[in-house]
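Below is one structure; the comments refer to it alone.
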Amino acid sequence: MSSSTLPTRKAQLTSSGLGHHFVSPRKARDKRKTQILVKIPGAEAKRRRLLAEMQQLMKPQREDSDSQVLSADPAHAAARNDTAQHVDLGDSDTHSLHSEPVEMFEHPSCDTQPINTPVKRRIMPDKSTNSLYHSWTALVPTLVNPLLRYFGRTQGKTLENICPVISACGTSSCSPKRTTLVCLFFDRFESIDVLSCTCSSLPQVLVLHGLFPTSPSQPRMAVSVDLLSFYRALFERSCDAINALASALKIHYSRRGFQMTDAQGGLIQDPFRRGLGYAVQWFDILQVQVEQQVETLLQQSRERIMIMQASSDVHETLPPTLHPGRCASILVQRCPACFGGIYFGRSTDEGGNIHVATDGNFHHRHRRAAGDCPPFYDPTYFIPKTFVDDIGRRIDTLHKKPPRSYASLIPDEAVDQCETAYEAADGKKQKAAMDNFDDTGIMALICRHDIPLFFANIDSPGEQQKYSVALLQHLFSLLPHQATIVALYDVGCVLARSLAKYDILPESITTRLRFATTAMHAYGHEWACQLVYNPRMCVGLGLSNGEGTERLWSRFVRLIGIERTSSRQRRLWLIDRQAAAIGFEMRADLGDWIKRRLRRGIKEQGSAAQDILDRCEIPVNELRSQWSHQRRSQLSIRAHAPARLKKELDTVLALQADLDASDRALQSTRAMLEKESPSDNTLEALQSLERGHGRLMDKVEALYSSLNVHDRFPELQGVNLDFVRTLLMARDLKMNVRKRAIASFFEWDKLDRAVGGAQQALGTKLHQHTRKAIAKRQPALMTAIRKFNSYCERLDALYDPNWGLPLPAPLPTKLTELHNNPRLMEDVWITPSVGEVPRWLEDSRIRDGIRALLKRDRCEEEQIRLNVEADNLCRFFGDELTALELTLRLPERE
């Protein structure tokens with residue numbers, strides 16, 4: 001064929017819509033053709049004969065030819081492909097479908113059906129994906145200066161109109177290259193010609209004019225930088241919504257008369273999603289690099305200011321416990337109210353310098369089948385996995401050694417019961433199926449203003465201690481050596497005991513660390529545990545409640561579904577960027593937060609507590625003395641029955657119940673026989689049974705005496721055994737009632753949390769599920785309460801005032817009254833009082849006054865802490881303003 005008959009470049013086929021991209025021509029495919037194998041009459045015998053002849057001719061080279069044919073077979077190649085693609089086959093391709101070289105040599109029958117091998121989904125990045133991410137990573141740093149120039153040119157002004165032809169080259173010596181791209185704006189999309197050259201690459205020219213490419217090389221589409229900035233602000237308020245943005249833009253453009261069509265004029269169903277996904281992701285990475293450069297310049301100015309302040313400051317007279325120091329810049333930037341102080345060393349018994357809270361969430365999982373992508377973002381909130389794993393190995397090694405002796409504030413029996421009651425204390429409890437999920441949740445560390453500080457990615461089945469320990473150790477590494485911390489955790493009592501028994505953390509940290517439980521979860525702990533770890537009873541904690549993690553999880557709830565199907569790296573990026581947006585917003589709200597706490601926390605709660613103190617008319621010194629006496633008495637080891645004793649007692653009580661039933665059966669039998677005229681043999685047999693039953697009752701009493709209740713509780717010597725038995729049963733039953741009641745309160749709080757539109761509603765399914773759970777558990781709770789009240793009546797009937805044991809009070813059977821009844825949280829007293837019964841036990845005014853006094857003390861402590869935080873906040877903003885002005889005046893900022 002001569003060159004004149006060849007088709008021109010213009011006549012060749014192009015791809016659909018997005019610029020001119022020439023492709024190889026394809027043969028027309030018959031739509032009626034299928035891939036079903038049919039039998040042609042007479043062809044089978046001919047085919048077998050030809051195969052036999054071919055087998056004889058090619059027998060020496062069979063193995064080599066088989067491997068070559070397999071590698072060239074398009075059917076096998078399609079099966080090995082990572083992504084399913086629709087392949088158009090021409091007429092000549094039908095012959096290759098009937099040739100199965102290896103299989104047909106062994107089984108030449110045509111009846112053999114083709115085997116459909118399932119295609120495994122790729123979960124790790126392949127070579128092309130790695131190359132693509134490497135290209136983006138190399139390109140983004142070159143776009144920082146063009147983006148800064150664009151922002152400097154358009155900040156505070158209306159959006160510019162893009163010219164049909166854009167360029168960035170200012171010299172005439174370069175030979176420009178013209179590229180046509182489809183550009184997406186708020187109100188339209190249009191084709192724009194871009195002139196690039198050796199001094200200004202195509203992506204640099206686009207970013208300089210407010211456009212961001214959707215590909216690192218040879219892009220066919222670009223997105224407006226202002227549109228991406230708008231989506232970034234939308235992401236901070238909602239979550240990742242690329243599909244929604246792509247669909248909304250398509251509908252918006254079509255309503256305004258802009259339709260994306262292919263070469264044949266047909267509408268393209270989804271023209272923007274893939275390009276928008278890349279643009280959003282890498283534009284955010286570009287924004288992060290810009291912010292990091294700005295932060296580097298500001299940090300240099302801050303360090304200069306600190307040096308000048310250190311040389312000019314007049315040394316103040318400080319208490320001996322306080323020492324000058326400064327926290328790391330990353331902490332100060334995240335919460336200046338907590339970490340902006342300059343003096344540290346306050347004792348943990350007085351509340352410490354800083355309050356933080358930690359908690360885990362197992363809803364933020366990642367499906368293993370979703371796979372991973374190459375790393376493209378360095379998280380600033382997540383601590384390294386290697387650091388967490390090292391601490392986990394250290395904990396496992398130490399747990400194999402015998403624990404050291406330590407002085408505990410509360411009995412081990414109380415901590416054991418807390419550990420059993422809470423799932424968070426069981427690191428081996430599987431909360432997610434590891435076969436389906438490779439990342440099972442996240443552990444958060446926040447300050448008392450609910451600002452996120454750091455995260456740890458959970459990749460184990462349960463909430464193991466290594467995550468909270470790693471977060472705390474990382475936090476201490478960024479603090480001055482004298483800074484003290486109070487950490488609020490759901491199972492703070494269990495973690496505190498672990499740190500006391502083993503050298504998990506160095507002594508330089510444990511001496512500056514104190515634990516407390518969160519306010520909401522504290523009421524699920526044993527009463528002795530609450531006396532030490534409840535933040536409302538701990539001196540120095542003010543109104544810190546540790547429940548900010550729950551509020552943080554409520555803001556993260558929209559990310560749960562997206563995280564499970566995103567790649568592992570993208571999941572971390574989503575959480576990290578969302579945390580950064582939340583932290584920035586809450587830092588700007590710190591001033592209002594302090595004002596709200598002063599008004600709603602201190603003024604309202606403090607006034608209510610003072611009114612109660614005025615009404616009870618008891619001196620404050622007397623209330624403090626009674627509270628101290630109550631703590632000493634209820635923290636006594638004798639206030640807690642050993643677990644082994646309770647198990648033995650349960651066994652004896654079960655046997656006693658069976659014997660009581662047999663005694664009732666014997667009595668009813670005698671009454672029935674006495675109505676008639678029984679024979680002498682019948683009466684003798686009945687009397688023999690009664691004598692045997694009496695001997696069994698005597699043995700049960702001896703068995704109960706062998707439990708040595710009086711030896712283990714010498715204070716109960718001389719008290720009626722039936723009374724002691726009932727008292728211990730009432731004590732255990734009240735613990736059960738309290739646990740059931742608190743669970744019911746939490747469920748009712750879920751139903752009531754959306755009242756008035758204050759919080760997000762549960763939804764119909766979860767609402768019905770919660771109501772069914774309440775209806776299922778409420779009868780058991782009511783039965784337990786009625787049984788406990790019957791024990792109270794029995795104890796009152798057996799009571800002797802000389803024993804000096806305070807009687808338990810019955811509980812209300814209505815949940816509303818039970819929720820507001822302070823007696824629910826008090827254990828049954830099983831230790832006699834020496835002399836008179838303490839006033840805190842018998843006088844309700846004393847108990848009300850103690851609660852009001854504790855509330856007033858916490859409000860006063862909160863006011864002192866708020867004053868310190870307000871000073872830190874004012875100092876921070878003053879230093880930031882000075883650093884900003886200094887940075888603007890320095891010549892090297894150019």
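FYI, side chains are in, hydrogens and waters are out, and symmetry mates aren't considered; it's all heavy atoms of this structure.
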Taking all heavy atoms of [X] and all of [Y], pick out the closest pair and write down the distance.
| X | Y | result |
| --- | --- | --- |
| Gly441 | Arg571 | O-NH2, 3.4 Å |
| Phe455 | Ala444 | CE2-CB, 3.5 Å |
| Arg587 | Pro336 | CG-CD, 3.7 Å |
| Leu202 | Pro219 | CD2-CD, 3.5 Å |

>> Is the distance from the ring center of Phe283 to that of Tyr231 below 6.0 Å?
In response: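 Distance test on ring centres: not under 6.0 Å, no.
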Whether [Y] and [X] form a salt bridge (side-chain N of Lys/Arg under 4.0 Å from carboxylate O of Asp/Glu) is what I want to check.
| X | Y | result |
| --- | --- | --- |
| Asp226 | Arg232 | no |
| Glu295 | Arg302 | yes |
| Arg178 | Asp193 | yes |
| Glu563 | Arg570 | no |

> Going through the distances and angles, do Asp438 and Arg368 end up as a salt bridge (Lys or Arg N to Asp or Glu O under 4.0 Å)?
Replying inline: CA-CA 5 Å; Asp438 46 13; Arg368 191 182 299 274; 5.1 Å; no
> Side chains of Leu884 and Glu880: does their closest heavy-atom pair fall under 4.5 Å?
Replying inline: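 No. Closest side-chain heavy atoms not under 4.5 Å.
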>> Suppose we screen for side-chain contact (heavy atoms from CB on, under 4.5 Å). Which residues come up paired with Phe230, at least two apart in sequence or across chains?
In response: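 Phe186.
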>> Please verify the inter-ring angle class for Trp553 with His364; under 30° counts as parallel, over 60° as perpendicular, anything in between as tilted.
In response: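 Tilted: the ring planes of Trp553 and His364 meet at 30° to 60°.
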> Quick one: OG on Ser566 to CG on Leu574, what's the gap to the nearest 0.5 Å?
Replying inline: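 Output value for this atom pair is 5.5 Å.
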> What do the steps show when you test Glu550 against Arg555 for salt bridge (Lys or Arg N to Asp or Glu O under 4.0 Å), and what is the final call?
Replying inline: CA-CA 9 Å; Glu550 303 298 333; Arg555 301 191 66 167; over 6 Å; no
>> Taking side-chain hydrogen bond (donor to acceptor under 3.5 Å, both in side chains) as the criterion, tell me which of Asp459, Asp372, Asp439 meets it with Arg568.
In response: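 Of the listed options, the one satisfying the test is Asp439.
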